[in-house]
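Structure record follows, encoded as structure tokens.
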Amino acid sequence: MDDSKENKSQAIIEVIDFGPLKISGNFLLKDLKRGNEESPVEVKLCICGKSGNKPYCDESHKNK
Ligand code: FES
């Protein structure tokens with residue numbers, strides 16, 4: 001992505017193979033299951049299903 005497109009984005013989502021989705025920028029995170037809503041600057045969301053701290057990644061994806 002060129003710099004101009006990235007600078008216009010309100011949030012950047014980075015896909016990490018075998019790891020979490022890293023989201024940074026200006027966004028609202030709604031955790032409907034737990035009833036939480038927050039506007040963090042950066043989060044790593046678990047997509048492997050192994051985290052003990054869902055929806056956040058706790059690095060459990062590294063365990064085989
Ligand atoms: S992606 Fe890291 S614990 Fe699931």
Side-chain angles (χ1 to χ4, degrees):
M1 175 182 297
D2 65 57
D3 285 346
S4 62
K5 282 184 181 177
E6 192 161 323
N7 288 338
K8 289 178 185 173
S9 298
Q10 292 195 351
I12 299 170
I13 302 172
E14 297 175 58
V15 179
I16 302 167
D17 282 354
F18 308 108
L21 289 179
K22 181 180 172 186
I23 306 171
S24 58
N26 183 17
F27 61 93
L28 176 64
L29 177 64
K30 291 183 173 184
D31 182 349
L32 299 179
K33 184 172 184 179
R34 294 159 195 83
N36 294 334
E37 193 172 298
E38 59 181 315
S39 297
V41 174
E42 179 180 301
V43 292
K44 291 180 180 176
L45 297 179
C46 174
I47 59 171
C48 77
K50 295 179 182 175
S51 175
N53 188 30
K54 290 184 184 96
Y56 306 104
C57 170
D58 68 357
E59 305 293 326
S60 293
H61 61 271
K62 294 179 179 175
N63 301 333
K64 293 188 177 188

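Only heavy atoms go into these numbers, but all of them, side chains included; no hydrogens, no water, no symmetry mates. In each ligand, atom 1 is the first atom listed, and ligand 1 is the first ligand listed.
A 4.5 Å side-chain heavy-atom check between Leu45 and Pro20 finds every atom pair outside the cut-off.
Of all atoms in ligand 1, numbered sequentially from 1 with element shown, those under 4.0 Å from a heavy atom of Cys46 are 1 (S), 3 (S), 4 (Fe). The ligand atoms of ligand 1 that sit less than 4.0 angstrom from a heavy atom of Pro20 are 1 (S). Set against the non-hydrogen atoms of Gly19, the atoms of ligand 1 under 4.0 Å away are 1 (S). The ligand atoms of ligand 1 that sit less than 4.0 angstrom from a heavy atom of Asp58 are 3 (S).
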- Message: I'd like to know whether Leu21 forms a side chain to side chain contact (heavy atoms under 4.5 Å, CB included) with Ile16, so could you lay out the CA-CA distance, the side-chain angles of the two residues, the decisive distance to 0.1 Å, and finally the verdict.
- Response: CA-CA 6 Å; Leu21 289 179; Ile16 302 167; over 6 Å; no
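Between the side chain of Asp31 and the main chain of Asn36, no donor-acceptor pair closer than 3.5 Å is present. A distance-only check finds a donor-acceptor pair linking the side chain of Lys54 to the backbone of Ser51 [under 3.5 Å].
Looking at atom 1 (S) of ligand 1, its nearest protein heavy atom turns out to be His61 ND1, 3.5 Å.
At a 4.0 Å heavy-atom cut-off, ligand 1 touches Ile47 through the backbone alone.
Taking NZ of Lys44 as the start and SG of Cys57 as the end, the distance is 7.0 Å to the nearest 0.5 Å.
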